[in-house]
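A short write-up of the structure that comes next.
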Amino acid sequence: MTLSNSFEAEELKRFLFRELGDEELEALEEQFFANDELFYELVDLENELVDCYARNELSAEDKQRFENSLERVPERAEKVANARALENFIKKEKLAAASALESSINVEKQTAIQDVDSKASLWERISEFFTLKMFTLQYATAALMVLIVAGAGFLVYDRFRLNRELARIKAGQQSRTADLERRSKLLQEQLIQVQQRERTIQTELETSSGQSDILSTQLDRERNERMRLEKELERLRNEKGNVPPLIPGKDQNRPPQPVIASIVLSPSAGTRGGGGVKTVEIPTAAQQITVTLQIPRDSAANSFDVKFGGITVGSGVKHAKTASGRRYVVVSLAAKRLSADKNNEFDVTGDDGKSYKFVFRLKKR
Amino acid sequence: MSNLTAEGFEKLLNQLDDDSRRAGEKYEQLREKLTRSFLWRGVLNLHADVLADESLDRVAKKLTEGVEIENISAYACEVSRFVWLEHTRKNKEIPTDETPEPAPAPAPVDSDERLAFLNKCMQEVVKDEDERRLIVAYYDPDPGEKIKETRRKIAEKLGITTNYLKQKASRLRIRLEKCIRECIAEAG
């Protein structure tokens, strides 16, 4: 029951329940005849009371008052019956509306589902499209990956190859450098030896007599050899670029060079050509001895075998010739093989069968 | 049974409103007030309509007699009291009916038949689907304590005041009840 509890509403209820006196009733009648709003307020209130009574929603007091009014307003019972009919009608109407709404919703749902289906179909098409695209992309990606892997592999291989090539080149360069260094060192050593021989020959030339021609020739040859070696060394320096120039006595890292002594011998006495035993002075530090052996003029041989102490130190050695036509052969041997205590002998046998003996004494200074 | 003449009816309408359409509406509204007032005084439906017409006839007759009536509604209210008193007095003259009109049992129709009449009347009386929806919404028994709020929303949705909504719903219900009464009478 939602009726207002205001005094006005209560007065209206009293009117409807026939609880007003004649004067109050007539006063209210005059009011609702003059006021449409009040009249329909009364009509509406009566309908509400009837409906609530039909639904058994009135309070006990109002229900009693309502039932009391039924005796004074006999047609109200008919209104109650109509109210029940109206309530049933409304319930059915709402049920039908709900059913229609449900159907409508179902239709809308179905439509929505169809829409969704159609959208799903669209999505499927899109999905298929993208699936195809994806497959294509996947293939493309796979191909790209293969290319990338292959490219990476090639790059790795190429890098490896280049590194290997570089290493080979570096190794070659190192090898070449080492070779150049080795050759340079060798040339330096040879140059030093030549320079020492040159100095020895120069000394020999200054102190010897009768052998100046050979010594001069030998000196020239040594000088030529020195020049050749210097040129060769210069070429190597240019080629290598880092071969240190040879500055004797200044290069502390230079390996100790062997001290080379050079001696010139003529056939000893007792042999063909005769002559006494010659004493040869060599530096105490001399490690290597270069021996120039003069070949007698009668020899017709072109090459010679040279033995020292019975041991061959040169075989088939070609003779050299001075500008004046004197011939000689040069051999080299370790200084330690020479004896300072006794005679040292070289046996030279030409390919013409003739032999010559060179005897000398060694003196270290 | 009505003694209303064409001249008297025309004078009454002219007195109610210069516009004939609005005059007709006011006439119907006045008649409804008269009928309701008789019913609330305990007059049966069968008699309430007759007494309402009698009241209007008397008002119209006064107009044709040249009586100046400033307020037709108020005058009709005064007339209706005399009509009701006459009706009461007449009923009291019947020896077996000393009390006001006996409270009759509802018309002898079962609920299904009444519902069928209501359905029929909904087709005949209710003009369109909007009025049908209005009946259902306005008298929906479910809203409970929120009925005033529900009716405010209905009025707001229809673009009318709650008072006018109340008026429309009440008129529709009156028409439906009258239709059902006629259906029952025809069926009986």
Side-chain angles (χ1 to χ4, degrees), chain A residues 1-4 15-18 20 22 25-48 50-52 54-55 57 67-94 96-97, chain B residues 29-30 32-34 36-37 39-46 48 71 73-74 76-78 80-81 99-107 109 111-112 114-115 117-119 122 132-133 135-137 139-148 163 166-167 169-171 173-174 176-177 180-181 184:
Chain A
M1 181 70 186
T2 58
L3 291 174
S4 170
F15 170 81
L16 292 170
F17 288 151
R18 294 292 306 273
L20 294 178
D22 288 344
L25 189 145
E26 287 179 4
L28 191 56
E29 280 182 344
E30 287 174 6
Q31 286 185 44
F32 74 70
F33 265 92
N35 186 342
D36 292 344
E37 193 172 316
L38 179 60
F39 171 72
Y40 285 108
E41 184 72 31
L42 278 167
V43 173
D44 191 62
L45 180 57
E46 184 187 25
N47 287 332
E48 196 172 333
V50 168
D51 290 342
C52 287
R55 295 195 296 266
E57 290 177 355
E67 287 176 349
N68 290 338
S69 74
L70 289 177
E71 294 178 2
R72 299 163 192 156
V73 186
E75 287 296 330
R76 195 161 280 166
E78 191 74 18
K79 280 183 72 70
V80 171
N82 287 337
R84 292 192 173 114
L86 182 61
E87 182 183 349
N88 289 332
F89 170 81
I90 290 171
K91 283 179 179 176
K92 289 185 178 180
E93 195 75 3
K94 286 176 69 179
Chain B
Q29 196 167 359
L30 181 57
E32 188 59 46
K33 285 182 181 178
L34 289 167
R36 281 291 135 186
S37 69
L39 288 171
W40 286 331
R41 282 179 178 266
V43 176
L44 296 177
N45 265 313
L46 177 65
N71 189 325
S73 291
C77 178
E78 286 283 342
S80 70
R81 282 178 195 154
T99 57
E101 294 182 50
V109 290
S111 57
D112 289 342
R114 190 177 293 272
L115 183 60
F117 291 148
L118 178 60
N119 278 318
M122 289 293 288
R132 186 186 181 94
R133 279 200 290 267
I135 289 282
V136 172
Y139 295 109
D140 184 358
D142 286 341
E145 291 187 357
K146 294 181 179 177
I147 190 166
K148 285 188 177 178
N163 284 331
K166 191 180 292 180
Q167 190 174 323
S170 298
R171 283 178 177 175
R173 186 152 175 172
I174 289 168
L176 281 172
E177 288 174 341
I180 291 171
R181 193 164 56 244
I184 291 170

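Convention: sequence-line order gives letters A, B, ...; per-chain numbering from 1.
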Checking heavy atoms, do the side chain of [X], its backbone, both or neither come under 4.5 Å from chain B?
X: A:Ala54; result: neither
X: A:Glu37; result: side chain
X: A:Glu29; result: both
X: A:Asn35; result: backbone
X: A:Glu41; result: both
X: A:Leu25; result: side chain
X: A:Leu16; result: side chain
X: A:Arg84; result: neither

If I take atom OG from residue B:Ser37 and atom CZ from residue A:Phe15, how far apart are they, to the nearest 0.5 angstrom?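 If I round to the nearest 0.5 Å, the distance is 7.5 Å.
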Please look at [X] and chain A and tell me whether the side chain, the backbone, both or neither of the residue comes under 4.5 angstrom of a heavy atom of that chain.
X: B:Ile174; value: side chain
X: B:Asn45; value: both
X: B:Leu115; value: both
X: B:Arg81; value: side chain
X: B:Glu32; value: both
X: B:Leu118; value: side chain

Among A:Lys92, A:Glu46, A:Glu26, single out the residue with the greatest number of heavy-atom pairs under 4.5 Å to chain B.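 Of A:Lys92, A:Glu46, A:Glu26, A:Glu26 has the most heavy-atom pairs under 4.5 Å with chain B.
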Between chain B and each of A:Asn47, A:Ile90, A:Leu86, count heavy-atom pairs under 4.5 Å; write down the option with the most.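 Looking at each option in turn, the highest pair count goes to A:Asn47.
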Shorter than 4.5 Å, heavy atoms on both sides: which option in B:Arg173, B:Arg181, B:Glu177 has the most such pairs with chain A?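 Ranked by heavy-atom pairs under 4.5 Å with chain A, first place is B:Arg173.
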Who among B:Asn71, B:Leu34, B:Asp112, B:Leu46 has the most heavy-atom pairs with chain A under 4.5 Å?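 Top option by heavy-atom pairs under 4.5 Å: B:Leu34.
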Applying the side-chain hydrogen bond (donor to acceptor under 3.5 Å, both in side chains) criterion to A:Tyr40, which one of B:Arg171, B:Arg36, B:Lys166, B:Lys33 satisfies it?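 Looking at B:Arg171, B:Arg36, B:Lys166, B:Lys33, the match for A:Tyr40 under the side-chain hydrogen bond (donor to acceptor under 3.5 Å, both in side chains) is B:Arg171.
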Considering all heavy atoms of both residues, which atom of [X] and which atom of [Y] are nearest to each other, and what is their separation?
X: A:Ser69; Y: A:Arg76; value: OG-NH1, 3.0 Å
X: B:Trp40; Y: A:Val73; value: O-CG2, 3.8 Å
X: A:Leu38; Y: A:Phe32; value: CD2-N, 3.6 Å
X: B:Leu176; Y: B:Ile135; value: CD1-CD1, 3.9 Å
X: A:Pro74; Y: B:Leu44; value: CG-CD2, 3.4 Å
X: A:Glu93; Y: B:Arg132; value: OE2-NE, 2.6 Å

Run the side chain to side chain contact (heavy atoms under 4.5 Å, CB included) check on A:Phe17 and A:Asn68 step by step: do they pass? CA-CA 7 Å; A:Phe17 288 151; A:Asn68 290 338; over 6 Å; no
Could you tell me if B:Gln29 and A:Asp36 have a donor-acceptor pair between their side chains, going purely by distance under 3.5 Å?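 Yes.
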A:Glu87/A:Lys91 ion pair, N-O < 4.0 Å: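 Salt bridge between A:Glu87 and A:Lys91, a charged N being under 4.0 Å from a carboxylate O: yes.
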